[in-house]
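Below is one structure, written out as structure tokens, with a few remarks after it.
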Amino acid sequence: VASGKRQRFTYDEYRKFLAAIRASYRFTTFREGKSIADHAGGPLVILRHDVDMGLEPAIRMALIEQELGIRSTYFFMVSCPLYSVFSRRGAEEVRLILGAGHGLGLHFDCAVYGEISADCLDDRVSRECQLLETYFGRAVEAVSFHRPGELELSGPELKMWPNSYEMVFREKFKYFSDSRGEWAYGHPLDSEAFRAGRHLHLCIHPVWWTTEPRTPAECLTELAERIASRLDEYLSDNSRVWNTGRMPRPGDRAAADSEMRATSEGNAWPSR
Ligand SMILES: [Zn+2]
């Protein structure tokens with residue numbers, strides 16, 4: 001059953017999962033993996049995290065990996081509508097992840113640029129990498145593509161950075177991803193590739209992993225609630241219009257509290 005599968009997306013399961021891989025694999029980076037895949041002398045694993053929706057779940061994951069002495073690479077977007085690595089909070093969160101010993105990657109969204117040609121791609125990616133490198137004072141290790149289109153899937157090579165769709169990572173590494181909160185190609189530990197000690201490329205999205213078992217829809221509901229409360233916090237801190245002028249909504253605790261305060265202080269509810 002689906003709920004049984006979801007038991008495998010808790011942090012406890014994540015610890016066990018990593019420990020099982022660590023027992024016979026060596027964790028590597030995209031750059032190193034690319035150059036030593038043919039003569040590694042043992043199975044390699046690249047652990048990649050695409051941060052599509054929020055930074056908080058990524059922190060949890062980064063700290064668990066640090067605890068286990070495992071190094072992975074976090075791929076951040078510079079164009080994500082749901083978080084900003086350049087905001088005060090976002091930058092602190094990214095620094096926390098990098099401070100836990102993990103690599104900095106760019107998660108590049110081609111769609112931001114509309115139609116993009118192969119020669120443009122390198123230029124656009126370089127600009128975004130430079131943004132991250134300048135801001136965080138760290139080299140970008142690799143690039144992964146968000147919702148890849150035909151161009152990205154064709155296995156383009158970038159001048160400066162390895163990217164996750166290069167042929168080498170698809171041919172020499174067995175790929176597993178937890179897209180949509182399921183192991184679409186089966187659980188890595190149940191796979192023939194794992195038993196045979198083939199190189200692995202694991203793409204794990206922190207948003208699907210939680211303390212208690214959750215459905216993927218519940219994971220997104222929690223994310224939406226976090227974003228909504230942050231929006232409210234920002235507007236409350238920065239706008240009197242938000243604090244005084246907005247219409248109370250049903251079940252709106254903040255508004256009800258301030259209405260009660262206003263009433264008890266003998267003030268009328270603001271008319272504007
Ligand atoms: Zn993505």
Side-chain angles (χ1 to χ4, degrees), residues 9 14 29-30 33 45-62 65 72-87 90 93-94 97-98 102-116 120-122 124-129 131-133 135-136 140-158 161-167 169-170 173-185 188 200-210 214-224 226-227:
F9 280 81
Y14 190 59
T29 62
F30 279 94
V45 56
I46 295 173
L47 183 53
R48 150 187 166 203
H49 300 294
D50 288 352
V51 183
D52 288 309
M53 300 183 192
L55 293 161
E56 288 99 333
I59 294 173
R60 281 298 291 270
M61 204 155 250
E65 290 162 359
S72 67
T73 309
Y74 284 80
F75 292 79
F76 303 104
M77 302 176 82
V78 300
S79 61
C80 185
L82 303 185
Y83 70 87
S84 168
V85 296
F86 303 118
S87 69
E93 289 171 336
V94 169
I97 292 167
L98 301 180
H102 304 298
L104 173 64
L106 171 72
H107 195 42
F108 183 83
D109 184 6
C110 237
V112 169
Y113 301 98
E115 281 298 304
I116 194 166
C120 256
L121 180 68
D122 212 300
R124 299 285 186 259
V125 168
S126 298
R127 288 177 196 213
E128 291 198 5
C129 283
L131 281 176
L132 288 178
E133 293 190 336
Y135 199 76
F136 292 102
V140 166
E141 286 186 0
V143 176
S144 71
F145 294 111
H146 178 64
R147 306 189 67 179
E150 231 171 273
L151 172 61
E152 300 93 303
L153 288 171
S154 70
E157 295 216 14
L158 303 166
W161 295 275
N163 81 80
S164 58
Y165 284 96
E166 278 178 51
M167 285 306 163
F169 300 116
R170 289 197 265 169
F173 292 76
K174 174 71 180 163
Y175 179 70
F176 291 93
S177 166
D178 66 350
S179 299
R180 288 179 289 278
E182 299 284 355
W183 291 107
Y185 314 103
L200 303 177
H201 171 187
L202 306 175
C203 177
I204 291 177
H205 299 78
V207 69
W208 304 128
W209 296 75
T210 47
R214 295 272 184 272
T215 66
E218 285 167 341
C219 294
L220 294 189
T221 303
E222 282 180 16
L223 173 86
R226 266 200 310 274
I227 292 170

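Indexing begins at 1, ligand by ligand and atom by atom, following the structure's order. Everything numeric in this text was worked out from a predicted model, so none of it was measured. Quick note: residue numbers are just sequence positions, from 1.
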Sole residue of Asn163, Val78, Leu121 in side-chain contact (heavy atoms from CB on, under 4.5 Å) with Phe108: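 Per the side-chain contact (heavy atoms from CB on, under 4.5 Å) rule, the option paired with Phe108 is Leu121, out of Asn163, Val78, Leu121.
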Test item: Arg124 side-chain N/O and Cys110 main-chain N/O as donor-acceptor pair under 3.5 Å: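 Not confirmed, Arg124 side chain does not pair with Cys110 backbone.
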Parallel, tilted or perpendicular, judged at 30° and 60°: which one describes the rings of Phe136 and Phe86?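 Ring orientation, 0 to 90° scale: parallel.
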In terms of ring plane angle, is the pair Phe169 and Phe173 parallel, tilted or perpendicular, where the classes change at 30° and 60°?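 The arrangement is tilted - the two ring planes meet at 30° to 60°.
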Looking at the Zn ion (ligand 1), is one of the N, O or S atoms of His107 less than 2.8 Å from it?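 For His107, the answer is yes, given that an N, O or S atom comes within less than 2.8 Å of the Zn ion (ligand 1).
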Strictly under 2.8 Å, is any N, O or S atom of Asp52 next to the Zn ion (ligand 1)?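 Under 2.8 Å: Asp52 contacts the Zn ion (ligand 1) through an N, O or S atom.
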By atom name, which N, O or S atom of His146 is the nearest to the Zn ion (ligand 1)?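 Answer by atom name: ND1.
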